[in-house]
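Heads up, the thing below is written out as structure tokens.
Since we're looking at a predicted model, the values are computed, not measured. Here, residue 1 is the first one in the sequence, and each next residue gets the next number.
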Amino acid sequence: MRYLTTAEVAERYRTAESTVRYWRHLEKGPRGIKIGKRVLYPEAELLRYERALIDGGEDFGLAS
């Protein structure tokens with residue numbers, strides 16, 4: 001399984017790292033897992049998040 005950093009997730013979604021952290025804080029974005037002091041995002045979780053946005057992003061509080 002491949003894991004992405006917050007910076008890589010931000011680049012993928014063309015947003016700031018602070019936005020990705022804010023989404024995580026609000027539980028509105030892809031779920032990260034904490035490994036030591038780092039938060040990493042399983043690529044499968046990003047795909048789940050993207051599918052959820054396609055199917056109806058209201059659950060995430062984000063524009064679709």
**OP:** May I ask you to test the I33-V39 pair for a side-chain heavy-atom distance under 4.5 Å?
**Re:** no

Original post:
Can you find a pair of side-chain heavy atoms, one from Y41 and one from T6, that are under 4.5 Å apart?
Top reply: yes

**OP:** Using the test salt bridge (charged side-chain N to carboxylate O under 4.0 Å, His left out), find all partners of R14 that sit at least two apart in sequence or belong to another chain.
**Re:** none

**OP:** Give a yes or no on this: more than 12 heavy atoms of other residues, nucleotides or ligands lie within 6.0 Å of atom CD of E11.
**Re:** no

**OP:** For E43, check salt bridge (charged side-chain N to carboxylate O under 4.0 Å, His left out) against everything at least two apart and list the hits.
**Re:** R2, R12

Original post:
Checking side chain to side chain donor-acceptor pair (under 3.5 Å) for the pair Y13/E8: CA distance, chi angles, key distance, verdict?
Top reply: CA-CA 9 Å; Y13 296 127; E8 291 169 326; over 6 Å; no

Original post:
Considering all heavy atoms of both residues, which atom of Y49 and which atom of K28 are nearest to each other, and what is their separation?
Top reply: CE1-O, 3.7 Å

Subject >> Exercise: identify the closest heavy-atom pair between G32 and R24 >> reply: N-CD, 4.4 Å

Subject >> Considering all heavy atoms, the nearest P30-V9 contact >> reply: CG-CG1, 4.4 Å

**OP:** Would you check, one step at a time, whether the test side-chain contact (heavy atoms from CB on, under 4.5 Å) holds for L40 with L4?
**Re:** CA-CA 6 Å; L40 298 175; L4 284 79; over 6 Å; no

**OP:** Output all residues satisfying salt bridge (charged side-chain N to carboxylate O under 4.0 Å, His left out) with E45, sequence neighbours left out; order by chain, then residue number.
**Re:** R31, R48

